[in-house]
J.: 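I have a structure I would like to understand better, so I am pasting it below and will then ask my questions one at a time.
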Amino acid sequence: RYGGDIRKTRLVVYAKDYRGLHATVDIKPSEIIISIPISLAVSKKDFASKELGKILEEKKTGNEYWKNYLYPILWWMGAKRYPDSKFKEWCEVTPATASDHPMFFNEEETLWLKGSNIMKQLPLEKKLVLDQYANIVKAAPELMKEYSEDEFLNSYYILDSRLFNLEGADDNVYFVPYGDMVNADSVEKMNSTWQYNEDTERFEIVASKEIKRGEPLIFSYGHASNFIMFSYYAFTIADDKYNCVTFPMLIDESIPLYAEKKLLYHDGNYTVKLSKFYEDYEKRVNNNNNFFSFFRFYWFDGDVKLLRDAETLGLFEDDGTYFHSKSKAHLGPQTASYEKLVLGRLLKMAKENISLYPTSIEDDIKNSFEKGISYKRLCSYRLVIGEKKSLISLIELCEFALKLFDLGSLAKAREYCTTIPKKPSFALYVEDNLSKLKWEQLYKAN
């Protein structure tokens, strides 16, 4: 009715609040599958023209980052209340709740994630979202009376992963009715992508490989760990190649030299660092994940002048740290004694972390194959199995690395590495980190 072309697909409902798009014909690579006028998509400007949007603009409520996401969500919350809206059918097939997201697990379901650091992250994430809700209520209390905190939180997690970044369009972020019904999986299973066609001013979904009639369309959120997949998109991937354990760390007054570190970390608007240790070494490198350098920085309590000297310390720009783009929160190896202190603390933290899980990794793997297991429970098992594998890898690395400091030279350390079978993470840690230490000078100093 409104100019969209969706004839090569059909909507399939799998279960309550779970659906996807399937091909109705055979589709060739690079073929356009879905085409929707950008005039049917919703962005922040559509909400900014509404009464509530005008008030928020006038009172300068929220920064541009939040507007890109919150304005379309607030628009959707309003559109649901108007039965004559041309978006009525889309609103009706959008999930009613975010019950698959771990943020909304009940008490029994939360036990599946006991021990996981995602349970530390979720309250921090919830606070960020509800802080935005409080700011909006403060700006327009009368207009927000019918929008409860619970509805706002649910709407955020229902819709946040349904937003598209469209390069070349007038706004940065859009809701695209029907297009948002495509599900996501691993990069290997992805068969379609999206794009904005500036010539036709249309949103398009394009096949990235051959798709047979009846097969589902599948997007991918890229090379992300199950921690990211579950905490943002409410699903996990089988046999995740990006297994990691994530430590949510607070940059606050409790850490040494807080004032200096806050400036180096970022602009101070956010205080959460998601420090990820990947089980696979190559994944740590390819994700620019400077795990050890962050903790050297985090625990450092020495000469404050050293923290300001980026060249001396080997500080790096942007490691993808949570909610910022200009972090210098990195520290190269300093002295043998300080490196031992960092490794020792990490070892203690990893052992304490793994002791919090009530079940063994062997039991988790066995239970994940249980007949009739719910999707939410399966996703939970996939997450904790990956975390435990990563913690075991971190413990092994720290234990072996600590032994090196009794060897006295880099040559002996390298020789020792060759005696350890199947420990690429450990061997490469030595090359990348310990080899930067000036052994002779450090042993004299210590």
J.: Please give me the minimum heavy-atom distance between Ile255 and Lys261, naming the atom from each residue.
T.: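 In terms of heavy atoms, the two residues are closest at CD1-CD, 3.8 Å.
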J.: Does any pair with a residue in residues 363-372 pass salt bridge (Lys or Arg N to Asp or Glu O under 4.0 Å), and if so which ones, sequence neighbours excluded?
T.: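 Every pair satisfying salt bridge (Lys or Arg N to Asp or Glu O under 4.0 Å) with a residue in residues 363-372: Asp364-Lys388.
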J.: Which salt bridge (Lys or Arg N to Asp or Glu O under 4.0 Å) pairs, counting each pair once, include a residue from residues 343-353, with sequence neighbours left out?
T.: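 Found Lys348-Glu352, Lys351-Glu399.
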J.: Would you call the rings of Tyr18 and Tyr375 parallel, tilted or perpendicular, taking 30° and 60° as the class edges?
T.: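 It falls in the parallel class, under 30°.
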J.: To the nearest 0.5 Å, what is the distance between CG on Leu391 and OG on Ser355?
T.: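 Output value for this atom pair is 10.0 Å.
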J.: Only one of Asn183, Asn191, Ile205, Asp185 clears side-chain contact (heavy atoms from CB on, under 4.5 Å) with Phe219; which?
T.: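 Per the side-chain contact (heavy atoms from CB on, under 4.5 Å) rule, the option paired with Phe219 is Ile205, out of Asn183, Asn191, Ile205, Asp185.
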J.: Going by the angle between their ring planes, with limits at 30° and 60°, are Phe291 and Phe247 parallel, tilted or perpendicular?
T.: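 Taking Phe247 first and then Phe291, their aromatic rings sit tilted (interplane angle of 30° to 60°).
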J.: Tell me whether the count of non-hydrogen atoms from other residues, nucleotides or ligands lying under 6.0 Å of CD in Glu146 goes above 12.
T.: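 Yes - once you tally the heavy atoms of other residues, nucleotides and ligands closer than 6.0 Å, there are more than 12.
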J.: Name every donor-acceptor pair, under 3.5 Å, that has one atom in a side chain of residues 47-58 and the other anywhere in the protein, sequence neighbours excluded.
T.:
from, atom 1, to, atom 2, distance (Å)
Ser49, OG, Asp46, O, 2.9
Glu57, OE2, Lys67, NZ, 3.1
Glu57, OE2, Tyr71, OH, 2.8

J.: Which heavy atom of Asp171 sits nearest a heavy atom of Lys44, and at what distance?
T.: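 So the two residues come closest at OD1-CE, 3.7 Å.
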J.: Hey, can you tell me if Tyr298 and Phe294 have their rings parallel, tilted or perpendicular (30° and 60° cut-offs)?
T.: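 Tyr298 and Phe294: tilted rings.
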J.: Rounded to the nearest 0.5 Å, what separates atom NZ in Lys209 from atom OG1 in Thr193?
T.: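 Going from NZ on Lys209 over to OG1 on Thr193, the span is 11.5 Å.
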J.: Please list, one pair per line, the donor and acceptor atoms closer than 3.5 Å that link side chains of residues 157-164 to other protein atoms, with sequence neighbours excluded.
T.:
from, atom 1, to, atom 2, distance (Å)
Arg162, NE, Ile158, O, 3.2
Arg162, NH1, Asp180, O, 3.2
Arg162, NH1, Asp180, OD2, 3.0

J.: Where is the tightest heavy-atom contact between Ile361 and Ile385, given as atom of each residue plus distance?
T.: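 For Ile361 versus Ile385, the nearest heavy atoms are CD1-O, 3.8 Å.
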J.: Apply side chain to side chain contact (heavy atoms under 4.5 Å, CB included) to Asp301 and list each qualifying residue two or more places apart in sequence or on a separate chain.
T.: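 Asp301 satisfies side chain to side chain contact (heavy atoms under 4.5 Å, CB included) with Pro256 once adjacent residues are dropped.
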J.: At their closest point, which heavy atom of Pro177 faces which heavy atom of Ile36, and how far apart are they?
T.: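 The pair with the smallest heavy-atom distance is O-CD1, 3.2 Å.
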J.: Under the salt bridge (Lys or Arg N to Asp or Glu O under 4.0 Å) definition, can you give me all pairs with a residue in residues 231-245, not counting sequence neighbours?
T.: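 Output for this query lists Glu188-Lys241.
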